[in-house]
Amino acid sequence: MSRNHVQSARRPAPAPAAGVLDPGAEAPGGAEPVYLELLARGASAEAYEQPVLLARAENRPPERIAALERAKLLALRVRTELEGRRRREAELSALFETAHDLAGLRDVDAVLQAIVQRARSLLGTDVAYLSLNDPARGDTYMRVTEGSVAARFQQLRIGMGEGLGGLVAQTARPYVTDDYFKDDRFQHTLTIDAGVRDEGLVAILGVPLMLGPHVIGVLFAADRRARVFEREQIALLGSFAALAAAAIDTANLLTETRSAMADLERANEIIKDRSSVIERASDIHDRLAELVLRGGQVQDVAAAVSQVLGGAVEFTDTADTADPRSLETSRTEGHAVRHGDDWIAAVAAGGELLGALVLRGHPGLDPVDQRTLERAAMVTSLLLLARRSATEAEQRVRGELLDDLLDARDREPRQLRDRAARLHADLDATHVVLAARPEGPAADAEEAAAARRRLWSAASRLAGTRHGLAAARDGGTVLLLPLAAGDTATDLARRTARHLGTAVHQPVTVGASAPVTGLATRPENVAAAYAEGRRCLDALNLLGRGGDGAAAEDFGFLGLLLAGERDIAAFVTRTIGPVAAYDTRRGTELLRTLDAYYACGMSPARTKDELHVHVNTVAQRLERVARLLGDDWQSPARALEIQLALRLHRLGAPPEHR
């Protein structure tokens with residue numbers, strides 16, 4: 001055991017600092033009140049480790065420590081969830097504005113045009129368009145286009161079953177092609193191919209517009225270059241398609257209502273009977289629009305629908321649904337399904353089942369109220385998908401900025417600062433670059449890739465909460481985190497290794513650079529710091545310390561080799577600084593004695609001859625060195641570092657003092 005470890009073992013357990021909870025104080029509720037108080041005052045994540053560390057230092061019973069560990073994990077999960085919700089609320093503000101615009105439109109053409117515009121904007125495609133089926137003519141026609149420049153493409157009328165849209169309509173499922181003209185899964189025609197060629201489209205994604213089990217049209221997003229559409233993008237376009245179908249359905253209902261009111265005076269009594277139901281539908285429409293505007297949660301949607309329908313409505317995950325068969329039926333048919341005295345409306349988007357809205361104890365549901373429940377489920381799915389997309393979008397933006405810093409692609413300081421400020425990061429602060437890599441064997445390449453994705457996701461969440469940046473790189477993840485006052489690169493590396501290891505449920509090794517500054521004016525420093533962090537990471541693995549975190553300063557003289565900038569003065573100060581300071585204060589010759597001692601093969605007898613002093617004087621000086629450097633100063637590893645530091649100190653001294 002090293003002397004530092006012995007001293008740690010002998011040192012009495014510290015008393016809890018001001019503001020730190022004492023885990024030893026038994027509370028009526030057990031370990032939970034300690035962490036409830038931390039949650040209540042919004043403590044940092046590091047503070048949650050203190051009760052467990054203090055309990056261990058005070059040799060508390062194992063069951064007490066285990067209870068604190070469990071309470072800590074639960075409290076951290078609650079804290080993470082609360083922070084995630086607050087962050088997602090802010091991220092969705094732009095999408096909420098879009099939903100508000102749609103909610104305020106009444107003209108079906110304006111609604112469809114807005115949907116196509118938003119779909120193109122959110123997916124970032126060159127073109128978006130919507131086609132509707134014409135049962136009277138037995139074909140499909142182009143209803144709305146956005147970004148199109150070819151007149152022939154905008155005026156296309158396509159026979160049923162032709163082209164990519166025909167495949168979507170036949171199967172009632174989304175289809176995507178990376179290269180339209182090389183795809184033989186659907187029927188090509190001269191008319192369609194000519195229009196697509198005029199428009200210059202290559203990659204096309206199409207999702208069905210469904211009214212119940214029937215396909216009434218197709219919503220498309222397309223690029224003029226090869227592109228792979230992600231699953232989340234397909235789901236998001238599917239949600240817009242569902243919204244477009246609902247808008248068409250609503251417009252049809254309004255048209256039918258106006259026609260009935262104008263042509264059938266005798267229907268006044270029926271209209272009066274249904275007026276309260278229509279008012280409720282309008283009420284929930286306004287309530288949902290207001291919820292979207294003020295950043296409501298999924299639970300707020302359920303509460304609003306509960307008030308309007310006069311029953312208890314709750315959102316459940318798919319695993320908690322009482323009747324999976326009814327849920328699947330609702331997802332397939334697109335309608336709420338009755339199950340006993342309850343109604344179940346699937347919350348789905350693009351074929352992905354996200355959960356369900358369940359109306360309890362309300363067997364006699366009016367058709368309009370049933371539609372209200374279905375539309376509430378649609379809004380819920382849009383909120384869930386939008387929040388997921390917003391979170392992933394911010395993670396990508398953080399990664400892109402860090403990639404640019406690492407590659408020194410953007411050398412304009414003002415632009416770098418502006419991009420960082422939008423992510424609540426400050427490039428003028430002192431930062432540390434950390435290289436992280438998951439450890440442990442992987443069964444195959446797919447499992448290894450999944451581990452890297454989990455690490456990147458966890459690192460992105462950590463960077464978001466710490467006002468830093470994260471990006472996937474070189475088979476691992478690189479983080480750029482600010483260094484707090486009084487903190488060290490080593491402490492930050494170790495905390496990050498523990499945090500990421502806990503998040504991904506496997507060991508994560510983290511190598512840290514020395515602190516770096518001036519990132520906006522000297523972005524090339526980030527690449528150099530990253531290289532240093534990777535060298536530290538590799539050194540940890542070579543030393544059998546996988547799953548740990550460290551910086552170059554932790555490796556003694558080896559740190560000189562790992563550091564991007566050889567900080568020789570810092571190494572000398574760390575190694576023999578106390579002895580040099582003692583000589584300066586007292587006018588002694590401890591450094592000269594130490595140098596002679598090593599030169600004489602660590603023999604006090606030969607050393608006293610070299611220095612022309614008594615052997616007792618040598619012994620007294622070496623005893624003073626031991627008190628200054630520690631009892632292990634003559635161990636092989638320390639002796640090697642001390643001799644190197646003495647040599648460097650001698651080389652750095654003026655010639656007359658060498």
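Note: hydrogens, waters and symmetry copies are ignored here, and every other heavy atom, side chains too, is used.
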Would you find more than 12 non-hydrogen atoms of other residues, nucleotides or ligands less than 6.0 Å from Arg77 atom CZ? no

Nearest-0.5 Å distance that lies between atom CD in Gln233 and atom CG in Leu122: 10.5 Å

Are more than 12 heavy atoms from other residues, nucleotides or ligands located less than 6.0 Å from atom CZ of Arg325? no

Gap separating the CG atom of Leu479 from the OG atom of Ser460, nearest 0.5 angstrom: 8.0 Å

Show your working on ring pair (Phe, Tyr, Trp, His ring centres under 6.0 Å) between Tyr180 and Phe186 and close with a plain yes or no. CA-CA 10 Å; Tyr180 176 86; Phe186 46 85; 5.2 Å; yes

Is it the case that the side chain of Asp474 and the backbone of Gly476 share a donor-acceptor pair, with hydrogens and angles ignored and the cut-off at 3.5 Å? no

Closest approach of Asp193 and His188, non-hydrogen atoms and distance? OD1-ND1, 3.1 Å

Carboxylate-amine/guanidinium contact Arg414 Asp418, below 4.0 Å: yes

Rounded to the nearest 0.5 Å, what separates atom OG1 in Thr477 from atom CG in Leu500? 7.5 Å

So, the side chain of His424 versus the backbone of His467: is there a donor-acceptor pair under 3.5 Å, distance only? no

Is there a side-chain hydrogen bond (donor to acceptor under 3.5 Å, both in side chains) between Ser457 and Arg461 once you walk through the steps? CA-CA 6 Å; Ser457 180; Arg461 289 193 297 270; 2.8 Å; yes

Considering only heavy atoms from C-beta outward, does the side chain of Arg137 approach that of Arg157 to under 4.5 Å? yes

Report yes if the side chains of Arg360 and Glu314 come closer than 4.5 Å at any heavy-atom pair, otherwise no. yes

Check step by step if side-chain hydrogen bond (donor to acceptor under 3.5 Å, both in side chains) holds for Gln154 and Thr145. CA-CA 7 Å; Gln154 298 168 11; Thr145 64; 4.6 Å; no

Is any side-chain heavy atom of His335 less than 4.5 Å from a side-chain heavy atom of Thr329? no

Give the intermediate values and the outcome of side-chain hydrogen bond (donor to acceptor under 3.5 Å, both in side chains) for residues Tyr141 and Asn133. CA-CA 7 Å; Tyr141 65 99; Asn133 296 346; over 6 Å; no

Distance-only donor-acceptor pairs under 3.5 Å for side chains of residues 208-227, two or more places apart:
{"from": "Asp223", "atom 1": "OD1", "to": "Asp126", "atom 2": "N", "distance (Å)": "2.8"}
{"from": "Asp223", "atom 1": "OD2", "to": "Arg227", "atom 2": "NH1", "distance (Å)": "3.0"}
{"from": "Arg224", "atom 1": "NE", "to": "Glu199", "atom 2": "O", "distance (Å)": "2.9"}
{"from": "Arg224", "atom 1": "NH2", "to": "Gly147", "atom 2": "O", "distance (Å)": "3.2"}
{"from": "Arg224", "atom 1": "NH2", "to": "Glu199", "atom 2": "OE2", "distance (Å)": "2.6"}
{"from": "Arg227", "atom 1": "NH1", "to": "Leu123", "atom 2": "O", "distance (Å)": "3.3"}
{"from": "Arg227", "atom 1": "NH1", "to": "Gly124", "atom 2": "O", "distance (Å)": "3.3"}
{"from": "Arg227", "atom 1": "NH2", "to": "Leu123", "atom 2": "O", "distance (Å)": "2.7"}

Where is the tightest heavy-atom contact between Ala436 and Leu455, given as atom of each residue plus distance? O-CD2, 3.9 Å

Out of Arg118, Arg143, Glu146, which one pairs with Gln113 under the side-chain hydrogen bond (donor to acceptor under 3.5 Å, both in side chains) rule? Glu146

Which distance, rounded to the nearest 0.5 Å, do you find between the CG of Leu132 and the CG of Leu130? 5.0 Å

Calculate, to the nearest 0.5 Å, the distance between atoms CG and CG belonging to Leu39 and Leu74 respectively. 10.0 Å

Side-chain contact, heavy-atom cut-off 4.5 Å: Asp134 with Thr140? no

Applying side-chain contact (heavy atoms from CB on, under 4.5 Å), run through His505 and Arg454 and close with a yes or a no. CA-CA 10 Å; His505 306 293; Arg454 288 194 301 269; over 6 Å; no

Does a salt bridge link Arg473 with Asp407, judged by any charged N lying under 4.0 Å from a carboxylate O? yes

Could you grab the distance from atom OH of Tyr129 to atom CZ of Phe153, nearest 0.5 Å is fine? 4.0 Å

Correct closest heavy-atom pair for Leu164 and Ile204 would be CD2-CG2, 3.4 Å

